[in-house]
Engineer: 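Here's a structure for you.
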Amino acid sequence: MRYPRDPSEAYRRVDFEARVHGASPRQLVDLCLEQVAGSLGRAIYAEKTGDNAAKSAALTRAVSALTALQMGVDSQSPPARR
């Protein structure tokens with residue numbers, strides 16, 4: 001896997017991938033929700049600072065996390081009913 005030149009982004013990706021590989025279904029739901037919230041926060045900050053590229057990247061990440069939730073959550077499982 002190729003990582004971007006930004007070291008903080010590389011560390012974020014490694015952390016995310018490690019958490020995904022060791023997660024239970026409930027933890028995956030929590031991780032997706034955490035990604036949505038964090039990404040929206042980054043998008044808001046990027047909007048305030050006028051960084052359209054960062055805003056776009058953050059919103060794309062938030063939509064990806066929501067899509068993963070939509071595709072992966074079984075409506076009959078306990079995490080989906082909470």
Side-chain angles (χ1 to χ4, degrees):
M1 173 177 285
R2 226 178 108 223
Y3 292 104
R5 294 176 194 251
D6 178 12
S8 64
E9 178 65 14
Y11 284 116
R12 186 200 65 75
R13 294 206 46 166
V14 168
D15 176 61
F16 178 79
E17 290 173 16
R19 291 176 67 193
V20 167
H21 289 300
S24 69
R26 177 63 194 180
Q27 289 170 326
L28 286 173
V29 170
D30 290 344
L31 183 58
C32 286
L33 292 174
E34 179 183 307
Q35 288 295 310
V36 170
S39 294
L40 290 176
R42 284 188 292 279
I44 290 168
Y45 178 77
E47 171 67 22
K48 289 179 182 178
T49 60
D51 188 346
N52 288 329
K55 180 176 73 172
S56 178
L59 290 174
T60 299
R61 190 172 291 133
V63 169
S64 295
L66 286 172
T67 301
L69 277 172
Q70 182 181 21
M71 290 173 39
V73 173
D74 176 6
S75 63
Q76 302 303 312
S77 71
R81 289 186 260 148
R82 289 185 187 197

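Just so you know, these numbers use all the heavy atoms, side chains as well, and skip hydrogens, waters and symmetry mates. In this text, all values refer to a predicted model and were calculated from it rather than measured experimentally.
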Engineer: Which residues satisfy the side chain to side chain donor-acceptor pair (under 3.5 Å) test with S24, sequence neighbours excluded?
Structural biologist: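 Counting only residues at least two positions away or on another chain, S24 forms a side chain to side chain donor-acceptor pair (under 3.5 Å) with Q27.
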Engineer: How would you list, by chain and number, every residue that makes a salt bridge (charged side-chain N to carboxylate O under 4.0 Å, His left out) with D51, sequence neighbours excluded?
Structural biologist: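 By the salt bridge (charged side-chain N to carboxylate O under 4.0 Å, His left out) rule, D51 matches no residue at all.
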Engineer: With a 4.5 Å cut-off on side-chain heavy-atom distances among I, L, V, M, F, W and Y, is there a chain of contacts connecting L69 to L31?
Structural biologist: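 No, no single cluster joins them.
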Engineer: Going by salt bridge (charged side-chain N to carboxylate O under 4.0 Å, His left out), name the pairs with one or both residues in residues 27-41, residues two or more places apart or in two chains.
Structural biologist: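 Salt bridge (charged side-chain N to carboxylate O under 4.0 Å, His left out) check on residues 27-41 returns R19-E34, R26-D30.
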Engineer: Considering only distance and modelled atom types, tabulate donor-acceptor pairs under 3.5 Å from the side chains of residues 53-65, sequence neighbours left out.
Structural biologist:
{"residue": "K55", "atom": "NZ", "partner": "E47", "partner atom": "OE1", "Å": "2.7"}
{"residue": "T60", "atom": "OG1", "partner": "S56", "partner atom": "O", "Å": "2.8"}
{"residue": "R61", "atom": "NH2", "partner": "E9", "partner atom": "OE2", "Å": "3.0"}
{"residue": "S64", "atom": "OG", "partner": "T60", "partner atom": "O", "Å": "3.0"}

Engineer: Sub-3.5 Å donor-acceptor pair from the side chain of S39 to the main-chain atoms of V36, do we have one?
Structural biologist: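 Not a single qualifying donor-acceptor pair exists.
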Engineer: With sequence neighbours excluded, tell me which residues meet side chain to side chain contact (heavy atoms under 4.5 Å, CB included) with L28.
Structural biologist: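 Result, side chain to side chain contact (heavy atoms under 4.5 Å, CB included) vs L28: V20, A23.
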Engineer: Got a sec, which residues hit side chain to side chain contact (heavy atoms under 4.5 Å, CB included) with I44, two or more places apart in sequence or on another chain?
Structural biologist: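 By the side chain to side chain contact (heavy atoms under 4.5 Å, CB included) rule, I44 matches K48.
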